[in-house]
Amino acid sequence: MGKKIDRFVLEVALAAALYLYFRGAFANRIVALVLALLSCFVLLRLGKRLCTLLRGCPLMRRRSMRRGAQGAVMRLACLPEEEAKAALEKLLKQCYGEVPALALIQLHPSLRLSEERVFEIWRRHRGKAQLAICATCRSDDSCRTLAGSLKGPRVALLDAAVLEQLICEHPEGLVAPSERCVRTRLHLKRACHLLINRKNAPRNLLMAISMLALYLFSGHALYLFCALALLLLALVSLRHAPRPARLF
């Protein structure tokens, strides 16, 4: 309701500003009123159209996809522990076909996972063969290095970034069926993860060099454009690690 009131106030302010402008330009109240209303209608329609185009651009679509997966991770952080564990066990079974011993860390997604927390959970599960630590927050390289070095049990660390990718592949149970648009965006995000990830960076870089060589020999601008696009894709891919193909 507050947004509707704010929008109405802005529309009235825009119409008043246009009326004052046309009143000063033509010195006629009726003409100024008609032109103000007409201009206000045209500007609002253009603004609505522009917002629609912006929502459809790849950047905004990727942002919506991230929000859908991030919302599911946030729900995991807020669920009771047993219910969240059950959802994660189902997710791991769908993605990997196996469910090892599972430990859950429920923190806000904006927080960072500490090495002490990982080590403490590993000590609690001594004697088991494998342990999957699922965290609803982000982890850094030091945490991942520590998790990879631990033995007895071996540890697979799945932080919020990895969980988002898994949820994109299998949103069932974590994204409500009524949120059809969110589920569609998650499937599109999964395709984006398959295209843009660190594993594909060397391949994209090699193809960029090949396209650049073709441009130098042929002088065709299309090869230069493809080389620059592939180079950009390779650089972007370096920032996105793919989700692990196997837990252990």
Side-chain angles (χ1 to χ4, degrees), residues 65-107 109 113 117-141 143-180 182-203 237 240-248:
M65 294 173 206
R66 285 195 299 269
R67 283 183 174 178
Q70 288 168 359
V73 173
M74 185 64 185
R75 281 193 287 273
L76 283 174
C78 298
L79 284 174
E81 185 176 359
E82 292 304 320
E83 191 175 340
K85 275 189 174 182
L88 286 171
E89 286 175 357
K90 182 179 179 181
L91 180 64
L92 293 180
K93 188 173 183 180
Q94 289 174 324
C95 293
Y96 297 108
E98 57 179 323
V99 183
L102 181 64
L104 176 61
I105 302 175
Q106 291 177 291
L107 294 174
L113 183 62
R117 190 74 179 272
V118 174
F119 186 75
E120 178 187 351
I121 291 176
W122 172 77
R123 287 189 60 190
R124 277 195 231 143
H125 293 80
R126 292 297 299 271
K128 296 183 179 179
Q130 298 174 338
L131 173 66
I133 300 178
C134 297
T136 58
C137 59
R138 304 279 171 172
S139 64
D140 53 20
D141 291 336
C143 279
R144 288 188 286 270
T145 302
L146 173 64
S149 66
L150 295 173
K151 306 295 180 184
R154 297 167 59 195
V155 175
L157 180 59
L158 308 176
D159 66 351
V162 177
L163 290 179
E164 287 173 14
Q165 295 188 43
L166 298 182
I167 292 169
C168 288
E169 296 181 25
H170 297 280
E172 304 85 8
L174 293 170
V175 179
S178 58
E179 301 178 28
R180 186 174 301 175
V182 175
R183 293 165 67 89
T184 302
R185 289 195 296 266
L186 291 179
H187 287 305
L188 291 174
K189 187 180 180 183
R190 181 194 176 192
C192 182
H193 279 306
L194 293 175
L195 177 65
I196 303 176
N197 62 65
R198 198 172 298 169
K199 186 169 61 177
N200 291 334
R203 187 182 309 162
S237 298
H240 297 271
R243 66 97 162 168
R246 298 174 58 188
L247 281 178
F248 301 98

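Everything numeric in this text was worked out from a predicted model, so none of it was measured.
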Do side-chain atoms of D141 reach the backbone of R144 as a donor and acceptor pair under 3.5 angstrom? no
Could you give the distance from CZ (R75) to OG1 (T136), rounded to the nearest 0.5 Å? 13.0 Å
Nearest atoms (heavy-atom pairs only) where M74 meets P109: SD-CD, 3.4 Å
Minimum heavy-atom separation for W122 to L131, with atom names? CA-CD2, 4.3 Å
Using side chain to side chain contact (heavy atoms under 4.5 Å, CB included) as the criterion, point out the one residue from L113, L146, V162 that pairs with L157. L113
Checking side chain to side chain contact (heavy atoms under 4.5 Å, CB included) against C134, which of I105, L102, D159 comes through? L102
Among L91, L92, I133, find the residue that satisfies the side chain to side chain contact (heavy atoms under 4.5 Å, CB included) test when tested with L158. L92
Does R154 reach the main-chain N or O of A129 with its side chain, forming a donor-acceptor pair under 3.5 Å? no
Can you name the residues that form a side chain to side chain contact (heavy atoms under 4.5 Å, CB included) with A84, not counting sequence neighbours? L76, L79, L104, Q106
R124/E120 under salt bridge (Lys or Arg N to Asp or Glu O under 4.0 Å): CA gap, chis, key distance, verdict: CA-CA 6 Å; R124 277 195 231 143; E120 178 187 351; 3.0 Å; yes
Looking only at heavy atoms, what is the nearest atom pair of L88 and L163, with distance? CD2-CD2, 3.9 Å
On a heavy-atom basis, which atom in G127 and which in P153 lie closest, and how many Å separate them? N-CD, 4.4 Å
Salt bridge between E164 and R138, side-chain N to carboxylate O under 4.0 Å? yes
